[in-house]
Structure formats: C-alpha cells, structure tokens
K.L.:
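Mind looking over this structure? Questions follow.
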2 protein chains.
Amino acid sequence: MTRKSPLQPPSLTEARSPARRITMETVGRMAGVSQVTVSRALSDPSKVSPETLSRIQEAIAATGFVPNALAGALASKKSMLISALVPSITNIVYSGMLATFSAELRARGYQILLSETGFDREDEAATVEAHLSRRPDAMLLTGVHHADRTRRMLLGAGVPVVEVWDITDTPIDLCVGFSHPEAGRAMADYARARGYRRAAFITAGDERALRRGAAFAGRFAQAGGEGPVPIRGDAPASLAGGRALTAALLDEGFAASDGALIAASSDVLAQGALIELAARGLAVPGRVAVMGFGDQEMAAALSPTLTTVRVNRDALGRAAAQALLTRIGGTAPERQVIDVGFALVERQSA
Amino acid sequence: MTRKSPLQPPSLTEARSPARRITMETVGRMAGVSQVTVSRALSDPSKVSPETLSRIQEAIAATGFVPNALAGALASKKSMLISALVPSITNIVYSGMLATFSAELRARGYQILLSETGFDREDEAATVEAHLSRRPDAMLLTGVHHADRTRRMLLGAGVPVVEVWDITDTPIDLCVGFSHPEAGRAMADYARARGYRRAAFITAGDERALRRGAAFAGRFAQAGGEGPVPIRGDAPASLAGGRALTAALLDEGFAASDGALIAASSDVLAQGALIELAARGLAVPGRVAVMGFGDQEMAAALSPTLTTVRVNRDALGRAAAQALLTRIGGTAPERQVIDVGFALVERQSA
DNA sequence: ATTGGCGATGTATGCGCAAACATTGATCCC
DNA sequence: GGGATCAATGTTTGCGCATACATCGCCAAT
C-alpha cells in the first residue's frame, strides 16, 4: 500500500528508454500496488479488494498492458498451448477435425500451435522437437506410426499426447480414430455384396490410404473377386490425379466389360474418377462403379451421388480435445483408445 | 533418462512422475561446462571447441534435452512465433494461403500460432490480445476492417503486421491483397460484355464477399444491365447453400427468360448453383449462366467448366511472409501495400 | 483483554535462458 | 619479451511473471 517514491523522477528513465516496456510492475506502480497484486487481479479478481481492482483495471486500460504469457508460462510451468501436427491443412478431412479440436480447446483458454508435417516421419520428428521446445500442455499427432525418436521424445517429455485418425494397441498416450484396414475391408465387402467382380484401388500416397488399399485388395480377392486388385497412385489427392489414375486404368483395359469398380482413397480422387468416366461416356455405376472415402459435402451432390465412407470429423476432433483436457486435468481418461468408427454411405455410384 | 519399453503404454503415474527437469545447467554439468557454453553450442557451434561440442552433444543425446523456447524467448525478446488469424481454416482459400505462408516461415525457423476468428470483429480483438500475450514476432490478419481496439493494441505493441486478402490505403502496417470492389466490377463488366441482361449475386455472409456483391450489382446496372441486381445469402459457403439460394431465385422467376446470370461469391456456391440448375434441367450457360470466385481445382473440372476469378493464393501467402520477414529484419519494406490482383478465368459456364 | 482467524497485501525467489561483460591462456609480431 | 590479439570459456544479470511465505489490521470468540 505505502510505496516509497522513486529516488529519481521516472521521467528520466522514461526518456532514456523510449520503447518502455509495460509490465505488471508498471501497472502496479500506477495503481499504487505491487506487481503481485496486479497478477492476482488478473488471475483471480476475488483476491483483491474492489477499489484496488478498479484502480488496477484503469491502469491497464490506460497503458494498454497485455500480460506476457511467456513469462507466465515459464514461472507457472503451464503454457496453455496445445500443439497440433497434421499432414496437410488444405485437406478438409484434417482441417475439419482441427477446426472442432481447436474450437473446443479455445473455449478453455488454450491456443493452438500448428504445423504441417506432410507424410514424412523424420520431418515430423523435427517438428515435434520444435513444438516441445515451447512446452505445450498437450500435443495432437496425426497417425500412429512415428519415428522412434518421436516416441522417445514424447515419452520423455511426459506431455499428454493424442494420436488421431488411426487406431493402435500401443498408443504413445491417448488415441482417437478408427481402423483403416477395417474400413478397406468394409469397402471390399460392400463391393462384393453388390456383385462387382473386378476392382481397382486408386490412392494418394499417404500411409493410411495405402493400408486401406491393401486391406481392400486382400479382402476383395478373398471374398471371391478377381485378383490381384491393382493399387495405383501415390500423388497428393486431387481431381486431376483421380482423372489421371482412372484414365490409366481404363487405357489398360480395366473396364473392358461390366462389373468393374474403382475404389478411391478419398472423395476427391473418386470425383476425379467420375469426371474421367463421364468424359469417356462410361455409365456409372452401370459400366464402372465408383466408391470414395471421407464423405465430403460434394459426395452427396455429385451426379451420380457418391457411395463413400463417412468418418465423423467433428466427433473425432471433439473426442481428441476432451481426452486431452481430461488428461491435463490429472484424472485418468476412461479409455486410452477411442474407436470412433466409420460408416459406409450407400449412394448411386456403387 | 532410461524409459520403459515403448510397447508399454506409459502409466499415468509414470507420465506425471517428478521427472527431473533437464536444463542447460544439467547438460552442462554432464559435459563439464557451464550453462552458457551449452547455450552457445546450440546457437552457434563455431564458438565452442570441437571436443567440448561433442561432449555437449553426447550429453544432450543421453538426456534427451530439448531447450525451453519460452525461457529463450523471454530472455532474448524474440519468440520466433508468428501469429496468424484467419476466418476459417476449412475454407481452401484461406488454408491454401496459410500453407504457403507457414511453409515460407517455417523454413526460417518460425512457428505458427493459429486461430480462427470467424467473421466477428470483437471476437477477433479478443484473439489478437491472446496472441499478443505470447509476444509473436509478427502477425497476420485477414481483412482490413478491424475493431478500433484491435488497431490500437497492434500499434501499441509495435508488432509487424500484415493484413491480407484485401487492400486499403490505411494499413495497420503492411498489406497484401487485392481490391474486392474491383473484382466485383470486373465480374459485372465481363457479364455485360457477354451480353447477359439480368443478374443476381449469391453470397456468403462475409464482409469481403458482400463488398464484391455490392460492387457487382452497382456496376452491372450502371453498365446497362437490368437493375436492381438481387443479392442473396449470408450463410457459410456450401454446396447446399448455393443450391438453396439458386432455388429461391429460380422460384421467384429470376430466370423466366434467357440472358440471366448468377454470380456467386465463391466457387463452392457456384457449384451449388450448377447442381440446382442441372437438377431443373436448365442449360448452362444457355438458359442461365454462372460465375464463381476463387478458381478452386474443381472449377476447371465441373461440367460445364466454371468461369471464375482467380486469386493466386500461393503468391499471396508468399508475399505476406516475405513482407513480414523483411520487416522483422529491420529494413523498411519497399511497399507497404502490395496488390496481387486477380484474373478473370473464362470457361464454359458464362 | 487475549487469541485466533481471515482478508488484503507485500517481499523474496526462481523458472531457464541469452546478453553483456570478465577471465584465462595461448599465439603472434615487431 | 611485452603488449596485443584471439579463442574458449566463465560469471553475472535480468527478462516478467507465479508461487510460497510473511505481514498487517481487524473482528469474532473466548
């Protein structure tokens, strides 16, 4: 309450440092209290008397003071930062999940440190290290296959981690996703049940898509389909890629007769397939059937509408956020691994 | 230091156990040097003798030490953090720009703190404050219209700022974008030049889209088209939204005769319009023409292909990153405002 | 009147690092 | 051979805050 007046007029120091930093100390001085009281006024106003509080708030408004969260995090060991690593933010399947994930966390005062990792494990490891250096309170990783070093760093750091978009028995910490082989098999079973005798899988290069493709191919042949099922492609998912892969298949005589189906690792590739088939005048599904993956908005709007596999991205993002929040809170989450499943959506294209 | 088998999920107790914090001090002790030498070994290895360096590196490897960037930032007043605020990450126009922006910055060692702000100014102000508390080295904002408080905070903080996706004579700091009214007028001029006599604009609710719409409507009438030009919609851009808005227009008799054009604030809405028109058997562009905005990949693949306006998202993200880097570097950028322009892409739909 | 408790505030400390400055020993040049 | 120089390292300090603990009045219970 009682503070000595500074021996030297503050104007001198101010004049020497024109870019004078405003800290809780400065605010406190203006309000006639100490730095701690300012800190308390911000973190728990009830601990400060109403008069003091209002003087502090005036000082904050007058100075435009914004607390330094770096210093706060260093002192408290809580950064209120959540790190998120996704392969690509331009891909709606990841950005959709991320939007829900971050909205959920932002409501609790957390902020998101985001990086794209592509599909390279070493790249991911380097990014994980960079993120860990900011001491996030938790981390989201996409996929369950990581460099050994990544796993070691994460375990060593003791940070809550959630791996999403896949399922494993050996999560680093928490895991929210679904089984890609099962999804591939479900597509194959559906295709066989509908009577398609010949199938191909066009795919992006990412590891999860390839596992769906492998499972699809295996099951399709196992269930009486013609084998081996060709698996084509490793470029990023794009319409042009889908067209090109489809064109290549057709040029090889893949759809020489009816009963053929093209399964795609994403709706975008599937749309590319539809476009190429339309361009060639091949009826879908009469001549060639098409299945997608992801159930993007356009799937239901295409002509023909696209049979695909739905993954609830919102639920996934929300579950991931909740799991981390529980973990941060200190209580053990009910389950370490949450399978959000998927659903085959039957439409016109297959 | 040594951990249990990675195949075992870490128990909660293990993860929260008082893991000795490893700091430069601990690493230094192991290597027989002081904390400062460890710091130097990491920031500029040439300042440390080769033998010392290798001992330090061994100690780092043995301990799994990851430097605390919070402490580093606090001490050096450089956070190596760039804050980015976009309306929506699920919208490809923003996420595409952001991908280039962040790739460019990551190459220089910066990381991205990301938030979605929706289209609400007060929300944005709160987010800006939260971001400023982390003392980012620079900030990216979407749009040029902000709450007064936002502007004041930013100016007060003295942080390099780049506003993107729009152009203004009075940027907070830097600005990279294009003129939305001009884009709207360019669409109107094109439509008139092609002879369309009647037009409508379907739009998402965001402020920039609305300005394009207003400029389109004004110019279309001014250039001899029938006025007033209806402007419809304020929902998020979606195929379903585009269909619904188009359906409503048609139900009102908008396209009772030939020579009508529907301009959309985004390619997605335009695609919705194409779908609705196809569903009603109305020929495009014969009966109703359609223009989009954004030139997404599907624009060239739709049937009919979509006449639209291209904005170079990569160039925009890259220019924004470069401008900030220059600014952080201390040299005044050549221009405060960079107009990246746009291009009308003529295809089949109009 | 004494004691204890509580509300409101203050002081001291250290989080982990980088910057500034200090120290040591060796090399070098006229 | 006596500075001068330089490479390699150490010591000190403080960034801005949160935490632990101390202090000071004041009032209720004894």
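The chains referred to below are lettered A, B, ... by the order of the sequence lines, with proteins before strands, and numbering in each begins at 1.
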K.L.:
Taking only the side-chain heavy atoms of A:V36 (C-beta and beyond), determine which of C:dC17, D:dT11, C:dA12 contains the nearest atom.
P.N.:
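The nucleotide sitting nearest to the side chain is C:dA12.
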K.L.:
Pick the closest DNA chain D nucleotide for B:R135 and for B:K47 by heavy atoms, then say which residue is nearer the 5' end.
P.N.:
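It is B:K47, whose closest nucleotide lies nearer the 5' terminus.
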K.L.:
Hey, does the side-chain of A:Q35 have a donor or acceptor N/O within less than 3.5 Å of a partner on the base of C:dA12?
P.N.:
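Donor-acceptor pair under 3.5 Å: no.
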K.L.:
So which of residues 70-83 of chain B are in contact with DNA chain D, with a heavy-atom cut-off of under 4.0 Å?
P.N.:
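The stretch gives B:L74, B:A75, B:K77 as the residues lying under 4.0 Å from the strand, ordered by number.
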K.L.:
Using the side-chain contact (heavy atoms from CB on, under 4.5 Å) rule, take A:Q111 and A:M80 through it: C-alpha gap first, then chi angles, then the decisive distance, then the call.
P.N.:
CA-CA 6 Å; A:Q111 286 173 268; A:M80 298 305 283; over 6 Å; no
K.L.:
May I have the distance from A:D44 (atom CG) to D:dC17 (atom C1'), rounded to whole angstrom?
P.N.:
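In whole Å, D:dC17 C1' lies 16 Å from A:D44 CG.
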K.L.:
Given the rule in the salt bridge (Lys or Arg N to Asp or Glu O under 4.0 Å) test, do A:D137 and A:K78 qualify, once you have shown the distances and angles that lead to the verdict?
P.N.:
CA-CA 7 Å; A:D137 290 340; A:K78 291 186 181 181; over 6 Å; no
K.L.:
Tell me whether A:S95 contacts the main-chain N or O of A:T90 through its side chain, where contact means a donor paired with an acceptor under 3.5 Å.
P.N.:
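A pair under 3.5 Å: no.
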K.L.:
What nucleotide among D:dT19, D:dG10, D:dG16 has an atom nearest to a side-chain atom of A:R21?
P.N.:
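Among the listed nucleotides, the one closest to the side chain of A:R21 is D:dG16.
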K.L.:
Send over the distance from B:E25 CD to C:dA18 P, rounded to a whole Å.
P.N.:
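From B:E25 CD to C:dA18 P: 13 Å.
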K.L.:
Is a side-chain N or O of B:S115 found less than 3.5 angstrom from the main chain of B:T117, in a donor-acceptor match?
P.N.:
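Absent.
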K.L.:
Scan B:T52 against the nucleic acid and name what it touches under 4.0 Å (heavy atoms): base, sugar-phosphate only, or nothing.
P.N.:
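B:T52: backbone/sugar contact only, no base atoms under 4.0 Å.
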K.L.:
Do A:D314 and A:T100 get their side chains close enough for a donor-acceptor pair, meaning under 3.5 Å?
P.N.:
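Their side chains do contain a donor-acceptor pair, which is all the 3.5 Å distance test asks for.
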K.L.:
Whole Å only: how far is the CE atom of B:M24 from the P atom of C:dC15?
P.N.:
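So the two atoms are 15 Å apart, to the nearest Å.
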K.L.:
Please evaluate residues B:T168 and B:H145 with respect to the criterion side-chain contact (heavy atoms from CB on, under 4.5 Å), reporting the C-alpha separation (whole Å), side-chain torsions for both, the decisive distance (0.1 Å), and the verdict.
P.N.:
CA-CA 9 Å; B:T168 176; B:H145 295 134; over 6 Å; no
K.L.:
Atom CG of B:L42 and atom P of C:dA18: how far apart are they, to the nearest Å?
P.N.:
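Whole-Å distance recorded here is 8 Å.
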K.L.:
Looking at every strand, decide which applies to A:T23 at a 4.0 Å heavy-atom threshold: base, sugar-phosphate, or nothing.
P.N.:
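Sugar-phosphate contact only.
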K.L.:
Just checking B:D169: does its CG atom have more than 12 heavy atoms from other residues, nucleotides or ligands closer to it than 6.0 angstrom?
P.N.:
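No, because the 6.0 Å sphere around CG of B:D169 holds 12 heavy atoms or fewer from other groups.
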K.L.:
More 5' along DNA chain C: B:N68 or B:R40, using each one's nearest nucleotide?
P.N.:
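Residue closer to the 5' terminus by nearest nucleotide: B:N68.
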K.L.:
Find the distance A:E51:CD to C:dG7:P and express it as a whole number of Å.
P.N.:
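Nearest whole value for this atom pair: 15 Å.
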K.L.:
Provide, to the nearest angstrom, the distance between the CZ atom belonging to B:R134 and the P atom belonging to D:dG16.
P.N.:
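Between P of D:dG16 and CZ of B:R134: 17 Å.
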K.L.:
Please confirm whether the shortest side-chain N or O distance from B:S43 to OP1 or OP2 of C:dA18 is below 4.0 Å.
P.N.:
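No, because none of the side-chain N or O atoms of B:S43 sits under 4.0 Å from OP1 or OP2 of C:dA18.
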